[in-house]
Amino acid sequence: AGAKDDTFSVLDLAEYTKNRPWWRKIFAPNSGSSAEKYNVATQLVIGGVTGWCTGFVFQKVGKLAATAVGGGFFLLQIANHTGYIKVDWNLVQRDMDKAKQQLSFHSGGNKMPPEVKSRVDEAIIFLKKNVILTGGFAGGFLLGMAS
C-alpha cells in the first residue's frame, strides 16, 4: 500500500510577522501609543466610531436589563401579594447584617488590592498616551447613548 508522509513543516512566527507589517503593528510587544501610528483625524474617527457602537449597544442592553429586572420584581411582588411565595424577613435581615459586617471588614483599610491598583495604573497610562482616541471614544459613546 502507500507510505505515510510524517514530515511536518515548522512555522517560525517571528519571521512570519516580520513579513506582515499590519500584524507587527497590532501584536508587537512594544507597539507604542496610537498617537505614534495614526494622525489626529484617524484617531478621532476610530475613537468616535467605536465609542458610538459601544454606547448604542450599552443603551440597548441597559434597556433590556432594566426591563428584565423591573419585570422580575413586578412578578415577585404579584406572587408575594397573592400568597404564592412568602418572604422570611427575619432571614433577610440576618443575611443583610452579615453582608454589612463583611463589607465593613473588607473596606476598613480603604486600600485597593495590588492587582486592582496595577490595572488602574495601566488604564491611566493608556488614557494619557491616547488622549485624542479616548476623547473621540467618549464623544462617540455619548452620541451612541443618545441615539
Side-chain angles (χ1 to χ4, degrees), residues 8-147:
F8 297 100
S9 63
V10 177
L11 175 64
D12 185 9
L13 288 177
E15 290 299 319
Y16 183 74
T17 56
K18 283 181 187 175
N19 297 331
R20 285 154 181 78
W22 63 271
W23 188 275
R24 189 172 60 235
K25 280 183 185 177
I26 294 173
F27 294 111
N30 190 6
S31 58
S33 70
S34 62
E36 298 169 359
K37 297 180 201 173
Y38 304 109
N39 62 20
V40 174
T42 305
Q43 291 180 58
L44 281 173
V45 168
I46 291 171
V49 169
T50 56
W52 183 85
C53 292
T54 305
F56 186 77
V57 168
F58 190 81
Q59 175 201 29
K60 297 299 180 187
V61 169
K63 284 182 181 179
L64 180 67
T67 303
V69 169
F73 182 72
F74 181 69
L75 290 175
L76 282 174
Q77 287 298 325
I78 289 174
N80 183 29
H81 183 69
T82 56
Y84 283 107
I85 60 173
K86 202 157 198 73
V87 178
D88 185 1
W89 291 108
N90 292 329
L91 180 63
V92 170
Q93 185 63 40
R94 191 174 65 220
D95 288 344
M96 289 298 292
D97 291 339
K98 193 185 308 182
K100 285 179 189 177
Q101 287 175 353
Q102 288 179 351
L103 283 174
S104 66
F105 174 74
H106 289 301
S107 63
N110 216 5
K111 286 184 174 178
M112 271 195 280
E115 56 272 358
V116 173
K117 183 168 175 27
S118 68
R119 294 293 182 191
V120 168
D121 290 341
E122 286 177 20
I124 290 172
I125 290 169
F126 175 80
L127 293 175
K128 285 181 180 178
K129 283 185 177 180
N130 301 294
V131 173
I132 297 170
L133 183 72
T134 306
F137 181 86
F141 183 81
L142 293 175
L143 286 173
M145 288 290 289
S147 60

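Checking side-chain atoms of Asn130 against main-chain N and O of Leu133 turns up no donor-acceptor pair under 3.5 Å.
Legend: residues meeting side chain to side chain contact (heavy atoms under 4.5 Å, CB included) with Leu64, ordered by chain and number and at least two apart, are absent. Listed by chain and number, the residues in a side-chain hydrogen bond (donor to acceptor under 3.5 Å, both in side chains) with Ser118 amount to none (sequence neighbours excluded). With sequence neighbours excluded, the residues that form a side chain to side chain contact (heavy atoms under 4.5 Å, CB included) with Val57 are Val61. In this structure, the side chain to side chain contact (heavy atoms under 4.5 Å, CB included) partners of Phe74, at least two apart in sequence or on a different chain, are Ile78. Under the rule for a ring-ring contact (aromatic ring centres under 6.0 Å, His included), Phe126 has no partner lying at least two apart in sequence or in another chain. In this view, Val40 and Leu44, Ile132 satisfy the side chain to side chain contact (heavy atoms under 4.5 Å, CB included) rule, not counting sequence neighbours. With sequence neighbours excluded, the residues that form a salt bridge (Lys or Arg N to Asp or Glu O under 4.0 Å) with Lys117 are Asp121.
Evaluation of the side-chain hydrogen bond (donor to acceptor under 3.5 Å, both in side chains) test over residues 60-69, restricted to residues two or more places apart or in two chains, returns none. Evaluation of the side-chain hydrogen bond (donor to acceptor under 3.5 Å, both in side chains) test over residues 131-142, restricted to residues two or more places apart or in two chains, returns none.
For the atom pair Phe137 CZ and Ile46 CD1, the distance stands at 13.0 Å (nearest 0.5 Å).
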Enumerate, atom names and distances included, each donor-acceptor pair closer than 3.5 Å involving a side-chain atom of residues 138-147, sequence neighbours excluded.
residue	atom	partner	partner atom	Å
Ser147	OG	Trp52	NE1	3.3
Ser147	OG	Leu143	O	3.3
Ser147	OG	Gly144	O	3.2

Could you go through residues 89-98 and list every donor-acceptor pair under 3.5 Å that involves a side-chain atom there, pairing it with any protein atom two or more places apart or in another chain?
residue	atom	partner	partner atom	Å
Gln93	NE2	Asp97	OD1	3.2

